[in-house]
Engineer: 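Dumping the structure here so I can ask a few things about it.
Letters A, B, ... are given to chains in the order of the sequence lines, protein chains preceding strands, and every chain is numbered from 1.
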Number of protein chains: 2
Amino acid sequence: MRRTIALVDDDRNILTSVSMTLEAEGYSVRTYSDGEEAYRGISQKPVDLAILDIKMPRMDGMELLQNLRKTSRLPVIFLTSKDDEIDEVLGLRLGADDYIKKPFSQRLLIERIRALLRRADSLDDPRARKRDAMLVRGDLVLDPERHMCTWKSQGVQLTVTEFLLLRALAQYPGHVKSRDQLMDAAYGEKIYVDDRTIDSHIKRLRRKFRDIDGDFSEIETLYGVGYRYQDN
Amino acid sequence: MRRTIALVDDDRNILTSVSMTLEAEGYSVRTYSDGEEAYRGISQKPVDLAILDIKMPRMDGMELLQNLRKTSRLPVIFLTSKDDEIDEVLGLRLGADDYIKKPFSQRLLIERIRALLRRADSLDDPRARKRDAMLVRGDLVLDPERHMCTWKSQGVQLTVTEFLLLRALAQYPGHVKSRDQLMDAAYGEKIYVDDRTIDSHIKRLRRKFRDIDGDFSEIETLYGVGYRYQDN
DNA sequence: AGTGAGGGGACGCAATCGCGGCATTTCAGT
DNA sequence: ACTGAAATGCCGCGATTGCGTCCCCTCACT
């Protein structure tokens, strides 16, 4: 099985050169240039290993790591630009599995990756599967792996945020989710967006479903509480 | 419920400008210009969140944080004047929840505050589990997680306040609850409303149940005392 | 019978929500 | 790099809903 690696760095040069090396080694690579983007990408479609730069715009490596670790045991390798030992130590304390100082040889990186994947294999987190498992709720089907959504066998084209929100709702049909909880699910705990923004996405979701099925009403509003995906 | 924020900085300009912003956002703000003063103030009357400058006379931010953390888990945001990364990292290690570099936009600060308060809320009380537990009393079922209420298998649509009141009553069937006690259960101990307001909610509750079951009489009035959910 | 508490209708205010619209950001294709 | 389209976040308005209070009448208790 072909392994997927997330590569997160704000330096475009590193992104391209490293990803070329990794791909030559037979890995498929997904690159992100900042932490927030990476968090969403990885949440949406999991990877087997992540390589993170410590310093990045919007959400730095440590923050990203903390967020990722809340839901998975994803193996992580840190990149440190300075030989700033505090960074390294802290990174490891936070749960990184390994770190590499820049500049580094591609050869070293490959070695570390292999070692880490081997170790991860033996543990093989069962929860990792759950994240990208297909979700079927009556007429609704969500396939995170393909980022596909169907309603009564018709495809519905959802954006990333919409997909994450709908999955959070449909995961526990009948359960109320507050806007804050939905925020956590779609953005991670450290990001705050306006309450109205959640409403906006719900609005867009409802519209997309209603466009193909005028009777769609599975997403309910509970006044003063939040939203709920109808139980059936 | 109005949240209180402690703002600690030795720069008067920051103190005034930031506190104006926060108050405009609906928080009540207490300002301190040095760590010692802040420590005494916060110890004496707790706050929901603290924003601390790292460098201050008498007792600096880190020291203050350590002292505060001895007794509470108060969420803390650090302000750092220099992009002195060691400061940041050390702050986090000591247990700060977040940090912001000066100069910062007011918008960013608000965003962080909200994110932090949101997280603090969910961790908050140990009663959280109990709060979400399903309550079954004969023909009555209350499921907070789904925000659903059923009477003899028929759904009853309740508002948040009604739900809280009914749960408070049904939790101990046969026990009388005074209006004050019910108030505490539904609003928290700090808010006081007219006695008759409770009556109004009870009235609405009774009506909703009577609409689907003319014989409903589980909510009893104890003249001059309070209300009681019938024991059975 | 008198007194005061409670039931219930009605009303106005406040909170909440849905939605259109706008500005900015992101991303893919040239 | 440039550009146009898509996505995203936010704002604000109007509409809806919930809430607190008032008032009047009834009923319970003395």
Side-chain angles (χ1 to χ4, degrees), chain A residues 10 12 15 30-41 44 57-58 147 156-166 176-180 182-183 186-188 191-211 216-217 219-228, chain B residues 1-2 24-26 105-108 110-111 114-115 147 157-166 176-180 182-183 186-188 191-211 216-217 219-228:
Chain A
D10 56 334
R12 295 277 176 189
L15 237 43
R30 300 217 309 266
T31 60
Y32 304 99
S33 48
D34 75 77
E36 228 172 274
E37 187 192 330
Y39 178 69
R40 295 230 242 152
Q44 188 203 331
R58 297 216 285 177
H147 191 256
V156 186
Q157 199 61 33
L158 299 184
T159 69
V160 177
T161 313
E162 286 162 3
F163 196 93
L164 290 172
L165 283 175
L166 181 55
V176 189
K177 294 279 186 181
S178 69
R179 288 179 176 72
D180 280 348
L182 292 172
M183 239 176 259
Y187 302 86
I191 312 289
Y192 181 86
V193 293
D194 198 280
D195 276 0
R196 317 267 98 240
T197 299
I198 302 295
D199 292 3
S200 270
H201 286 293
I202 297 288
K203 161 190 67 181
R204 287 159 186 152
L205 269 172
R206 281 172 171 158
R207 182 186 297 165
K208 285 185 179 179
F209 280 88
R210 211 159 261 164
D211 279 351
F216 180 86
S217 61
I219 301 178
E220 300 172 301
T221 306
L222 298 223
Y223 193 98
V225 187
Y227 292 100
R228 172 170 71 185
Chain B
M1 186 178 72
R2 200 177 165 88
E25 280 292 315
S105 72
Q106 307 278 26
R107 162 128 206 81
L108 177 69
I110 297 293
E111 208 173 281
R114 288 191 180 156
H147 196 260
Q157 201 62 30
L158 300 184
T159 69
V160 177
T161 315
E162 287 161 2
F163 198 95
L164 291 171
L165 284 175
L166 180 54
V176 190
K177 293 276 187 180
S178 72
R179 288 179 176 70
D180 279 346
L182 292 172
M183 229 176 272
Y187 302 89
I191 314 284
Y192 285 95
V193 292
D194 199 292
D195 272 3
R196 316 310 310 283
T197 298
I198 302 294
D199 292 8
S200 266
H201 286 293
I202 297 289
K203 163 190 63 183
R204 286 161 184 150
L205 270 171
R206 281 172 170 157
R207 163 140 46 161
K208 285 185 180 180
F209 280 88
R210 213 159 260 165
D211 278 351
F216 180 86
S217 62
I219 301 178
E220 300 172 303
T221 307
L222 280 281
Y223 195 92
V225 186
Y227 293 99
R228 171 171 71 185

Engineer: Which residue is it: A/D195, A/L165, A/T197? I am looking for the one with a side chain to side chain contact (heavy atoms under 4.5 Å, CB included) to A/M183.
Structural biologist: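 Of A/D195, A/L165, A/T197, side chain to side chain contact (heavy atoms under 4.5 Å, CB included) with A/M183 is met by A/D195 alone.
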
Engineer: Would one find a side-chain N or O of B/H201 under 4.0 angstrom from OP1 or OP2 of D/dG20?
Structural biologist: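 Answer is yes, contact under 4.0 Å.
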
Engineer: What is the distance from NE2 of B/H147 to C1' of D/dT17, rounded to the nearest Å?
Structural biologist: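 Going from NE2 in B/H147 over to C1' in D/dT17 covers 13 Å.
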
Engineer: Got a donor-acceptor contact below 3.5 angstrom from the A/K208 side chain to the A/Q157 backbone?
Structural biologist: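 At least one qualifying donor-acceptor pair exists.
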
Engineer: How long is the gap from NE2 on B/H147 to NZ on A/K177, to the nearest 0.5 Å?
Structural biologist: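 One finds 16.0 Å between NE2 of B/H147 and NZ of A/K177.
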
Engineer: Backbone N or O of A/L222 within a donor-acceptor pair of the A/R228 side chain at under 3.5 Å?
Structural biologist: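 Checked: no pair found.
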
Engineer: Provide, to the nearest angstrom, the distance between the CZ atom belonging to B/R114 and the P atom belonging to D/dG9.
Structural biologist: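 Nearest whole value for this atom pair: 15 Å.
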
Engineer: Could I get the full list of side chain to side chain donor-acceptor pair (under 3.5 Å) partners for A/R179, not counting sequence neighbours?
Structural biologist: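 Side chain to side chain donor-acceptor pair (under 3.5 Å) list for A/R179, sorted by chain: A/D199, A/Y227.
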
Engineer: In whole angstrom, give the distance that lies between atom CD of A/E162 and atom C1' of D/dG9.
Structural biologist: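 Whole-Å distance recorded here is 13 Å.
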
Engineer: Classify the side chain of A/Y187 and the base of D/dG9 as holding, or not holding, a donor-acceptor pair under 3.5 Å.
Structural biologist: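 For A/Y187, whose side chain was compared with the base of D/dG9, there is no donor-acceptor pair (under 3.5 Å).
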
Engineer: Apply side chain to side chain donor-acceptor pair (under 3.5 Å) to residues B/T161 and B/R204 and explain how you reach the verdict.
Structural biologist: CA-CA 11 Å; B/T161 315; B/R204 286 161 184 150; over 6 Å; no

Engineer: Taking only the side-chain nitrogens and oxygens of B/T197, find out if one of them lies under 4.0 Å from OP1 or OP2 of D/dC19.
Structural biologist: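 No, B/T197 has no side-chain N/O under 4.0 Å of OP1/OP2 on D/dC19.
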
Engineer: Any protein N or O atoms within reach of nucleotides 2-6 of chain D? Criterion: under 3.5 Å, listing atom names and distances.
Structural biologist:
none

Engineer: Base, sugar-phosphate alone, or nothing: which one does A/I198 contact when heavy atoms must sit under 4.0 Å apart?
Structural biologist: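 Counting heavy atoms under 4.0 Å across all strands, no contact is made by A/I198.
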
Engineer: Please tell me if the side chains of B/L164 and B/L182 come closer than 4.5 Å, counting only heavy atoms from C-beta onward.
Structural biologist: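 No; the side chains remain at least 4.5 Å from each other.
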
Engineer: Which nucleotide in the list C/dA5, D/dG9, D/dG18 gets nearest to the side chain of A/Y223?
Structural biologist: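 Nearest to the side-chain atoms of A/Y223, counting from C-beta on, is D/dG18.
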
Engineer: Enter the distance from A/I219:CD1 to A/L205:CG here, rounded to the nearest 0.5 Å.
Structural biologist: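 Result: 5.0 Å between the selected atoms.
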
Engineer: Would you mind reading off the distance between B/L164 atom CG and D/dC19 atom P, rounded to a whole angstrom?
Structural biologist: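 Distance check: B/L164 CG to D/dC19 P gives 10 Å.
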
Engineer: Give each protein N/O atom lying under 3.5 Å from an N/O atom of nucleotides 7-9 of chain C, with the pair distance.
Structural biologist:
| residue | atom | partner | partner atom | Å |
| --- | --- | --- | --- | --- |
| C/dG7 | OP1 | B/R206 | NH1 | 2.5 |
| C/dG7 | OP1 | B/R206 | NH2 | 3.4 |
| C/dG7 | OP1 | B/T221 | OG1 | 2.6 |
| C/dG7 | OP2 | B/Y227 | OH | 2.8 |
| C/dG7 | N7 | B/R196 | NH2 | 3.1 |
| C/dG7 | O6 | B/R196 | NH2 | 3.2 |
| C/dG9 | OP2 | B/R207 | NH2 | 3.2 |
| C/dG9 | N7 | B/K203 | NZ | 3.2 |

Engineer: Between C/dT24 atom P and A/D194 atom CG, what is the distance in whole Å?
Structural biologist: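 Computing the A/D194:CG to C/dT24:P distance gives 17 Å.
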
Engineer: Return yes if some donor-acceptor pair links the side-chain N/O of B/R210 with the main-chain N/O of B/F216 below 3.5 Å, else return no.
Structural biologist: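 The answer is yes, because a donor-acceptor pair under 3.5 Å joins these two groups.
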
Engineer: Assuming nearest nucleotide by heavy-atom distance, tell me which of A/K208 and A/V193 is located more 5' along DNA chain D.
Structural biologist: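 This one resolves to A/K208.
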
